[in-house]
Amino acid sequence: MHTQLAVLGGGPGGYAAAFLAADEGMEVTLVELEDKLGGTCLLRGCIPSKALLHVARVIAEAEELRGDWGIEFGQPQIDREKLLERKNRVITELSGGLAQLAKKRKVRVITARGVFENSTTLRLEGDHDSIPEGGKLTFDHCILATGSVPAMPPAFNIGSDRVLDSTGALNLPSISPETKLLVIGGGYIGLELGSVYAQLGAQVSVVELLEGLLMGADRDLVRPLHRRLEKLFDKRIFLNTKVGSLTDQGDGVQVVFEGPNKFGTEKYDYVLVSVGRRPNTRNLGLENTQVEVDDRGFVVCDKKQRTGDPHIFAIGDIAGDPMLAHKATHEGRIAAEVILGRPAEFDKRAIPAVVFTDPEIAWAGYTEDEARKAGVTVEVVAYPWAASGRARALGRVEGLTKWLVDPDTSRVIGCGMVGPGAGELISEAVLAIEMGCEVRDITETIHPHPTLSETVMNAAEVYFGTATEIYKPKS
Ligand code: FAD
C-alpha cells in the first residue's frame with residue numbers, strides 16, 4: 001500500500017497533522033499502535049487527569065464553604081467504580097469523535113506498530129484487520145509523532161503493582177483515609193495527581209530531589225501553591241531529598257530516603273514515580289533512515305520540523321521540550337503545511353504552560369529565570385489578587401498576576417499567574433506576547449468586571465504606577 005502522507009502516532013500532534021493535511025487535499029494514512037486515537041493526552045494524560053482534578057476541585061470548594069461561609073456539607077462518599085467509569089466515558093466519547101472525524105476526512109487509520117524499514121517504507125506489525133496485505137506502507141512523506149512514555153529509573157522499576165507511573169495512577173487503586181501514597185517528583189504531573197489522591201482522602205507525601213517544587217516556574221508563582229499543598233499534604237513535602245531504593249514488602253513499599261528533610265525508611269501503600277518522561281524513539285527502526293536522535297533520545301529537527309531524512313518530519317514530544325499537547329498540535333500543523341509547500345515554520349514567542357493544581361499556575365513567554373539566564377533585561381510588574389474584588393468574593397486572595405516588560409520597547413515578553421483559573425486566563429497573555437503588544441495596549445483594553453481577568457489589565461497598570469485598586473507609584 002502506498003500513501004502520500006503517512007503519520008506515525010495518533011496523539012494530539014499526529015491527528016492534528018493528519019487532519020490538516022487531509023483538509024488541504026492530501027491523501028493521508030494514520031498509523032496508531034492502539035485501537036483508539038488520542039495518544040497520551042487523551043487516553044492517559046491531559047484529559048483523564050483533568051476529569052479527576054475537576055472532582056478534586058469540587059470537593060475542595062465544598063470544604064472551603066464549610067469554614068467562614070457557614071455552609072455545611074457532609075463528608076463526600078466516593079464510589080470508585082462510578083468515578084472511573086465516568087472518567088473513562090469522557091475518553092471513549094472524545095476518542096470516538098476523533099475516529100469519526102478521521103472517517104469524514106477520508107484519513108485511513110491503520111491499527112499497527114509502525115517500524116521504518118527504510119526512508120520511505122513502514123513495516124506494519126500486528127494482526128488488526130486494518131493492516132493491508134503484505135504489511136507494508138510506502139509513503140512520499142512521513143510525520144513521526146510517537147510521543148513519549150513515563151521515565152522509570154531502574155532503581156524504582158521493581159516490578160511491583162504498588163509502584164505506579166502516571167498511567168497506573170489514573171486508574172486509581174482503592175483509596176481510604178489510611179492509604180499512604182508517596183509521590184516521587186515535584187513536577188506538574190506528580191503534584192496534579194497527588195492533589196487528586198489527597199482530595200479523595202489519601203495521605204499524600206511528595207519527595208523532590210531539588211530545592212523546590214516545579215523548578216521550571218518562577219518562585220513567586222510557586223509560593224502560594226506550595227503553602228496550600230503543605231496544608232493538603234499535611235506538611236509532608238520533602239525537598240532536597242533523594243529516594244535511595246524501593247522494596248515491595250507485600251503489604252506496602254518500603255522507601256529509603258536520603259536527605260536532610262527526610263532520612264531513613266517509611267512504608268507506603270503506593271508510590272507514584274513521576275520523574276519525567278522520555279521520548280518514544282526506541283524500536284522504531286530509525287537506524288534504517290537518516291533521522292538523527294540526540295543523546296536525550298529526542299529526534300533532531302529544524303523549525304520546519306524536518307529531520308535529517310528528507311522524507312521524514314518529527315513533531316510533538318519526540319521533537320523536544322516542552323512536552324505539551326498544544327506544542328505537539330502546532331508542530332503537527334507546521335509539518336503538514338511545510339509538506340504542502342507553504343512557507344511555514346515553528347516560530348513562537350510564547351508556548352503557554354499550565355499546572356492544573358489548586359491554585360493553578362500558568363506562564364507564557366519568558367519566565368524571570370529564563371530572562372536572567374538569557375541576559376534579557378526585563379521590568380517585572382505584579383498585581384496581587386488581594387486587590388481584586390472577584391478574588392475576594394471567591395475567598396481566594398493568594399493569587400498573583402505579573403508581566404515581564406521589555407523596558408526599551410515597552411513590549412510584554414512574558415506573563416505569569418497563580419490563582420484559581422490561571423490556566424484559562426493565560427491565553428490573553430499568549431495572544432498579547434505573540435502579537436507584540438506594548439504594555440499600554442493591555443491597560444487600554446477594557447476587561448469585564450468583576451473578573452479575575454481584570455488582574456491582567458491591572459498588572460499592566462502597575463507598570464505606569466496607576467493601578468486603581470492599589471497605591472503603588474512607579475519609582
Ligand atoms: P502522544 O500523545 O504520546 O501520542 C503518540 C502516539 O504514538 C501514541 O498514541 C502511541 O500509541 C503511538 N505510537 C508510539 N509508537 C508507535 C509506533 N511504533 N507505531 C504506531 N504508533 C505508535 N500536556 C498538556 O499540554 N497539558 C496537560 O494538562 C497535560 N497533562 C498531562 C498529564 C499526564 C498524566 C501526562 C502523562 C501527560 C500530560 N500532558 C499534558 C502531556 C501530553 O500528554 C503530551 O505532551 C502529548 O500527548 C504529546 O503528544 P504527541 O502527539 O507528541 O504524542
Side-chain angles (χ1 to χ4, degrees), residues 6-18 29-53 87 91 95 98 109-116 122-126 128 130-131 137 142-151 164-171 183 185 187-196 272-286 298-299 305 314-333 335 351-357 360-362 423 426:
V7 178
L8 189 60
Y15 70 73
T29 305
L30 179 55
V31 180
E32 166 55 53
L33 192 58
E34 301 196 36
D35 60 359
K36 285 195 182 92
L37 293 180
T40 304
C41 179
L42 173 51
L43 306 181
R44 49 187 173 271
C46 327
I47 302 298
S49 61
K50 271 73 222 177
L52 295 178
L53 277 161
K87 178 207 71 168
I91 298 172
S95 178
L98 288 174
V109 177
I110 296 177
T111 305
R113 173 186 292 279
V115 179
F116 289 95
L122 279 170
R123 185 173 69 248
L124 303 171
E125 296 178 350
H128 198 265
S130 57
I131 298 177
L137 178 69
C142 177
I143 297 178
L144 186 52
T146 48
S148 62
V149 289
L164 313 169
D165 60 15
S166 57
T167 309
L170 285 165
N171 287 327
V183 176
Y188 83 94
I189 293 179
L191 297 184
E192 287 181 8
L193 291 174
S195 301
V196 169
L272 163 59
V273 180
S274 55
V275 294
R277 298 182 59 80
R278 70 167 176 77
N280 200 1
T281 41
R282 292 180 195 163
N283 306 320
L284 289 177
L286 292 180
F298 289 112
V299 172
Q305 309 303 140
I315 61 163
D317 284 6
I318 52 150
D321 286 322
M323 292 198 199
L324 293 170
H326 41 277
K327 182 225 144 208
T329 301
H330 273 261
E331 287 182 344
R333 293 176 65 90
I351 303 173
V354 180
V355 184
F356 292 88
T357 41
E360 292 179 354
I361 296 183
I426 197 69

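First listed ligand is number 1; within each ligand, the first listed atom is number 1. Being a predicted model, the structure only gives us computed values, none of them experimental.
Near Arg44, with a cut-off below 4.0 Å to any heavy atom, the atoms of ligand 1 are 34 (C), 36 (C). Close contacts between ligand 1 and Ala328 involve ligand atoms 49 (O), 52 (O) [criterion: under 4.0 Å to a heavy atom]. Less than 4.0 angstrom separates some heavy atom of Ala112 from each of these atoms of ligand 1: 19 (N), 20 (C). Below 4.0 Å from some heavy atom of Ser148 lie the following atoms of ligand 1, by number and element: 3 (O). Contact atoms of ligand 1 toward Arg113: 18 (N), 19 (N) (distance under 4.0 Å to a heavy atom of the residue). Listed by number with element, the atoms of ligand 1 under 4.0 Å from a non-hydrogen atom of Val31 are 20 (C), 21 (N). Within the listing of ligand 1, atoms 28 (O) sit less than 4.0 angstrom from a heavy atom of Phe356. Applying the 4.0 Å criterion to heavy atoms of Ser49 picks out, from ligand 1, the atoms 32 (C).
Using a distance-only test at 3.5 Å, with no hydrogens or angles considered, no donor-acceptor pair links the side chain of Lys36 to the main chain of Leu42. In this structure, the side chain of Thr146 does not engage the main chain of Gly9 through any donor-acceptor pair within 3.5 Å. Counting only distance, with no hydrogens or angles, the side chain of Gln305 and the backbone of Ala335 share no donor-acceptor pair below 3.5 Å. Ser95 places a side-chain N or O within 3.5 Å of a backbone atom of Leu37 that can act as its donor or acceptor partner. A donor-acceptor pair under 3.5 Å is absent between the side-chain atoms of Glu125 and the main chain of Arg113, judged by distance alone.
Among Gly10, Cys46, Pro279, the residue whose heavy atom lies nearest to atom 42 (C) of ligand 1 is Cys46. The nearest non-hydrogen atom to atom 48 (C) of ligand 1, considering only Val354, Asp317, Val149, Leu324, comes from Asp317. By heavy-atom distance, the residue among Gly39, Gly45, Gly9 lying nearest atom 35 (C) of ligand 1 is Gly45.
At least one N or O atom of Ala325, backbone or side chain, sits closer than 3.5 Å to an N or O atom of ligand 1. Residue Ile189 has no N or O atom closer than 3.5 Å to an N or O atom of ligand 1. Checked by distance only, ligand 1 and Cys41 come closer than 3.5 Å through their nitrogen or oxygen atoms. Annotation: Leu33 places an N or O atom under 3.5 Å from an N or O atom of ligand 1; distance criterion only. At under 3.5 Å, a nitrogen or oxygen of Gly13, whether backbone or side chain, sits near a nitrogen or oxygen of ligand 1. No N or O atom of Glu192 sits closer than 3.5 Å to an N or O atom of ligand 1. When only interatomic distances are considered, the shortest N/O to N/O separation between Glu32 and ligand 1 falls below 3.5 Å.
Taking 4.0 Å as the cut-off, Tyr15 does not count as a neighbour of ligand 1 on heavy-atom distance. Using a 4.0 Å heavy-atom cutoff, Pro48 is absent from the residues neighbouring ligand 1. Ligand 1 does not have Lys327 within reach: every non-hydrogen atom of the residue lies 4.0 Å or more from it.
The one candidate from Leu33, Ile143, Val31 that meets the side chain to side chain contact (heavy atoms under 4.5 Å, CB included) condition with Leu8 is Val31. A side chain to side chain contact (heavy atoms under 4.5 Å, CB included) with Leu124 is found for one member of Ile110, Thr111, Val115 and no other, namely Ile110.
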Take Ile318 and Phe298 through the test side chain to side chain contact (heavy atoms under 4.5 Å, CB included) and record every step on the way to the result.
-> CA-CA 5 Å; Ile318 52 150; Phe298 289 112; 5.6 Å; no
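Under 4.0 Å from ligand 1, the heavy atoms of Leu284 that appear belong solely to its side chain. Only side-chain heavy atoms of Asn280 come within less than 4.0 Å of ligand 1; its backbone N, CA, C and O stay farther off. At a heavy-atom distance under 4.0 Å, no atom of Leu43 approaches ligand 1.
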